[in-house]
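Here the structure is laid out as structure tokens; the discussion comes afterwards.
Letters A, B, ... are given to chains in the order of the sequence lines, protein chains preceding strands, and every chain is numbered from 1. Atoms considered below: every heavy atom in the structure, side chains included; atoms not considered: hydrogens, waters and symmetry mates.
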Protein chains: 2
Amino acid sequence: MTNSPATIRRSKVTLRDIATRAGCSTATVSTVLNNARGNTRLSPDTQKRILEIARRMNYRPNHAAQSLASRRSRTLGLYVAPAPWSSFGNPHYEGLLLRGIEKACREKKYRLLVVNLQGDESPDACLQEVRQQRVDGMILIQSGAMGDYTRRLLDILPHAALIDAVCPGTQAISVMFDNTAAMDLAVEHLVSLGHRRIAFIGSCIVPPLTDSVQRREGFLRAMKSRALEVPPAWVFDAASSGVEFDVTEEYCQLEGDRAARMLFSHPDPSKRPTALIAYNDIVAAGALRRLQEKGLSVPGDVSLVGVDDSDLARILRPTITSVRQPLEEMGFQAAGRLIERIEPAEKTSPEAPLTDNVISFPPTISIHQSTAPPKDDVAG
Amino acid sequence: MTNSPATIRRSKVTLRDIATRAGCSTATVSTVLNNARGNTRLSPDTQKRILEIARRMNYRPNHAAQSLASRRSRTLGLYVAPAPWSSFGNPHYEGLLLRGIEKACREKKYRLLVVNLQGDESPDACLQEVRQQRVDGMILIQSGAMGDYTRRLLDILPHAALIDAVCPGTQAISVMFDNTAAMDLAVEHLVSLGHRRIAFIGSCIVPPLTDSVQRREGFLRAMKSRALEVPPAWVFDAASSGVEFDVTEEYCQLEGDRAARMLFSHPDPSKRPTALIAYNDIVAAGALRRLQEKGLSVPGDVSLVGVDDSDLARILRPTITSVRQPLEEMGFQAAGRLIERIEPAEKTSPEAPLTDNVISFPPTISIHQSTAPPKDDVAG
DNA sequence: ATGAAAGCGCTAACAC
DNA sequence: GTGTTAGCGCTTTCAT
């Protein structure tokens with residue numbers, strides 16, 4: 001007999017139903033189905049029999065009952081802090097993180113509750129969900145945008161994972177992208193092509209994003225370590241520009257545009273950079289546009305490196321060489337480790353030294369059309 | 001006394017705690033807090049007192065217990081069918097829908113469970129969640145990609161809302177974008193500028209997406225109703241092209257590129273279209289790129305209209321005139337109406353005629369730089 | 001106007 | 001090895 005829709009529909013099968021059929025108690029059934037009590041004290045036949053009956057009856061545990069009794073919901077909450085500088089978040093960033101998070105949840109049989117993703121729910125909602133036993137832990141994205149509130153929240157949340165943020169003094173897991181290494185990689189790529197005059201275009205957002213600051217510092221360090229000079233005027237970002245931007249959807253482009261305009265207004269070509277590193281692909285797109293409007297060829301006259309390796313990088317012509325964050329893996333680790341923390345330490349390892357709270361992920365680089373050796377290596 | 005973190009943390013306040021403090025039974029507290037029994041049979045003082053105590057103790061109902069007893073989880077499930085033609089979905093589309101969905105959920109005090117969003121969970125998961133009482137209803141996106149399976153699923157799911165899909169014979173709510181009107185709007189815009197030779201570039205995906213087919217048909221109808229001719233060679237899509245594409249992230253661009261190449265290879269300019277309507281902004285981007293490489297100016301030589309009004313449309317130069325779907329509103333309505341169906345018909349309206357199952361949403365158009373009057377109206 | 005009591009379906013001691 | 005038992009925190013019917 002197959003499981004016709006009607007069969008499935010009607011089957012409000014409970015533990016007791018199975019117990020009855022199997023001629024044993026609900027406790028036994030529960031133990032078998034949960035593989036509890038060390039899986040060993042039950043007679044193999046009983047186990048087989050119960051499992052078989054449960055399968056045949058298409059039993060599914062009632063989640064509410066399970067949570068109520070066990071005090072665990074096997075659910076993670078996802079909170080993406082609304083970003084004041086963008087009404088829409090960064091779909092590329094969040095989308096890939098989510099992929100990894102979903103994967104980890106699936107593997108560990110957890111579910112994901114959206115506390116906030118594209119909406120503008122207040123961070124307090126995280127607390128509510130935990131207090132209502134709806135989630136066992138929270139994954140926080142863009143918690144940098146929450147300022148001090150993050151710390152207060154983490155003091156209260158029993159289990160949390162931060163992505164691209166740290167909060168010292170709390171037990172929260174942090175999963176970080178190594179922005180310093182990212183810039184070193186970008187610089188290394190350009191230098192290996194022969195570039196020596198490289199400029200940096202950060203994000204124009206005020207107050208400055210942690211990311212942008214880290215990338216700027218990483219850039220400067222990478223240049224310094226190679227004994228390459230960086231005129232102050234070649235570093236653009238919110239801090240350096242006196243300009244107040246009207247922060248719109250185009251925020252990043254504007255900065256790229258402005259920076260490119262200023263960098264290449266110098267009459268003496270030897271006083272201009274031969275390559276640009278942008279905060280992300282959108283900034284790079286803004287710069288590219290301006291360069292092309294000025295009649296400069298990319299990568300002929302100027303090489304361009306972005307960050308994110310997003311679709312945009314492949315849609316533009318030339319396609320943009322871009323530093324890639326392992327976002328999916330970061331999401332996977334954030335959720336995976338969070339779940340490990342939540343699960344009672346019933347794993348074989350008796351006193352496994354708690355894994356580090358903070359994990360850092362290295363960049364890779366996707367080389368596309370926008371980078372090439374500089375026109376003349378002479379004026380370097 | 002303020003709610004210090006510690007206070008909040010420890011407060012595992014239950015109904016009983018409140019009942020004790022208030023000197024009444026848990027039943028009374030429950031009734032008051034739920035505004036049940038018509039809100040009237042309880043003495044106003046009791047109500048006030050209980051509410052005040054609950055507030056002071058910062059009471060939050062345990063969700064599992066509530067669900068178990070009431071048999072409703074006040075949670076919607078979100079299932080985005082994995083799209084075989086894209087490893088990453090359409091962040092613009094799903095992101096905006098999600099915004100609306102989240103808004104509706106927040107307003108009605110529902111929560112959203114991710115059954116599948118960027119992952120590749122099988123549709124069966126929808127059933128599981130319902131059967132486990134984890135969700136009261138499901139929102140299905142891209143269910144077209146599920147083929148026949150959709151219908152079987154809907155036969156079983158008690159409450160579901162489809163976005164951009166219909167499934168006749170089921171009770172599922174359908175929230176649709178009016179693709180026909182969209183194309184009429186695009187054609188109308190171009191015609192009002194003076195264009196008469198207009199081509200259409202669909203999606204190259206095989207099998208053809210419903211959207212793409214509808215837009216092609218809508219385009220043809222819009223042209224016909226204006227007595228404008230469309231040579232067969234001016235309609236590009238999966239069906240018309242014999243070409244099999246390697247469906248990658250760039251899928252749409254390729255089509256735009258190919259179409260533009262072919263459309264403008266004709267030596268006689270008067271045999272070429274003066275305007276292009278693309279399936280979406282990505283296709284438009286591909287076409288734009290090819291046009292510019294051919295030395296054709298947009299909108300000088302050719303006007304270009306996309307669909308989605310995405311970030312991309314504003315990043316490209318020229319910015320792309322694009323037809324916009326009211327995605328946020330569509331998501332809002334899908335979730336809102338689904339919740340209304342779920343809630344017991346306890347609303348004032350005794351026998352409110354069930355709202356229609358299928359709702360259609362009209363397009364608007366965002367006019368940007370890529371459309372202008374044709375160069376010479378003569379050869380029309 | 002209020003309360004007692006019976007579950008909702010499951011888990012986890014603890015007893016046998 | 002397996003069953004008994006006592007809840008988990010809430011809703012809801014029915015007495016009072």
Practice item. Applying side chain to side chain contact (heavy atoms under 4.5 Å, CB included), name anything that partners B:Thr14, two or more places apart in sequence or on another chain. Key: B:Arg16, B:Asp17
Check your understanding: Is any side-chain nitrogen or oxygen of B:Ser30 closer than 4.0 Å to OP1 or OP2 of D:dT11?
Key -> yes
Check your understanding: Can you tell which of C:dA1, D:dT12, D:dT11 lies closest to the side chain of B:Ala69?
Key -> D:dT11
Revision key, fill the gap. Among D:dG9, C:dT2, C:dA13, the one nearest any side-chain atom of B:Thr46 is C:dT2
Check your understanding: Near B:Asp124 CG, under 6.0 Å, is it more than 12 heavy atoms from other residues, nucleotides or ligands?
Key -> yes
Point to revise | Rounded to 10 degrees, the angle between the two terminal axes of the helix from C:dA1-D:dT16 to C:dC16-D:dG1, each from five pairs | key: 40°
Review point. Under the side-chain hydrogen bond (donor to acceptor under 3.5 Å, both in side chains) test, which residues partner B:Ser73, sequence neighbours left out?
Key: B:Asp136
Check your understanding: How long is the line joining CZ of B:Arg16 and C1' of C:dA5, in whole Å?
Key -> 13 Å
Check your understanding: Atom CG of B:Leu15 and atom P of D:dC10: how far apart are they, to the nearest Å?
Key -> 4 Å
Revision key, fill the gap. From the candidates C:dC8, C:dT11, D:dG3, the one with an atom nearest any side-chain atom of B:Arg71 is C:dC8
Revision key, fill the gap. Rounded to whole Å, NZ of B:Lys12 lies from C1' of D:dG7 at a distance of 16 Å
**Study point:** Non-hydrogen side-chain atoms of A:Gln133 and B:His63 separated by less than 4.5 Å
**Key:** no
Practice item. Choose from D:dT12, C:dG3, C:dT11 the nucleotide whose nearest atom is closest to any side-chain atom of A:Thr26. Key: C:dT11
Point to revise | Protein-nucleotide distance (B:Arg74, atom CZ; D:dC10, atom P), rounded to Å | key: 15 Å
Point to revise | Atom-pair distance (CZ on A:Arg134; P on D:dC8), nearest Å | key: 22 Å
**Study point:** Among C:dC10, D:dT4, C:dG3, the one nearest A:Ala27 by side-chain distance
**Key:** D:dT4
Check your understanding: What salt bridge (charged side-chain N to carboxylate O under 4.0 Å, His left out) pairs are there with at least one residue in residues 105-119 of chain B, not counting sequence neighbours?
Key -> A:Asp120-B:Arg106, A:Glu121-B:Arg106, A:Glu121-B:Arg111, A:Glu129-B:Arg111, B:Lys108-B:Glu340
Exercise for review: Taking all non-hydrogen atoms of both residues into account, name the closest pair between A:Arg341 and A:His159 and its distance.
Suggested key: O-CE1, 3.6 Å
**Study point:** Residue B:Ser25, side-chain atoms from C-beta onward, closest of C:dC8, C:dT11, C:dG3
**Key:** C:dG3
Check your understanding: Pick the nucleotide of DNA chain C nearest each of B:Gln133 and B:Gly23; which residue has the one closer to the 5' end?
Key -> B:Gly23
Review point. When the distance from CD1 of B:Ile18 to P of C:dT2 is rounded to whole Å, what number comes out?
Key: 16 Å
Check your understanding: Partners of B:Arg60 by side-chain hydrogen bond (donor to acceptor under 3.5 Å, both in side chains), sequence neighbours excluded?
Key -> A:Gln128, B:Asn58
Check your understanding: Can you check whether B:Ser43 has a side-chain N or O nearer than 4.0 Å to OP1 or OP2 of C:dT2?
Key -> yes
**Study point:** For atom CG of A:Leu68 and atom P of D:dA6, their distance in whole Å
**Key:** 18 Å
Exercise for review: Compare the minimum distances between each of D:dG9, C:dA13, C:dC10 and the side chain of B:Asn62, then state the nucleotide with the smallest one.
Suggested key: D:dG9
Check your understanding: Given that A:Ser70 and A:Thr28 both sit by DNA chain D, which one's nearest nucleotide is further toward the 5' end?
Key -> A:Thr28
**Study point:** Set of salt bridge (charged side-chain N to carboxylate O under 4.0 Å, His left out) partners for B:Glu52, sequence neighbours left out
**Key:** B:Arg55
Review point. Closer than 4.0 Å, any side-chain N/O of A:Gln66 to the OP1 or OP2 of C:dT11?
Key: yes
Exercise for review: Quickly work out the B:Asn34 CG to D:dC10 C1' distance and round it to whole Å.
Suggested key: 9 Å
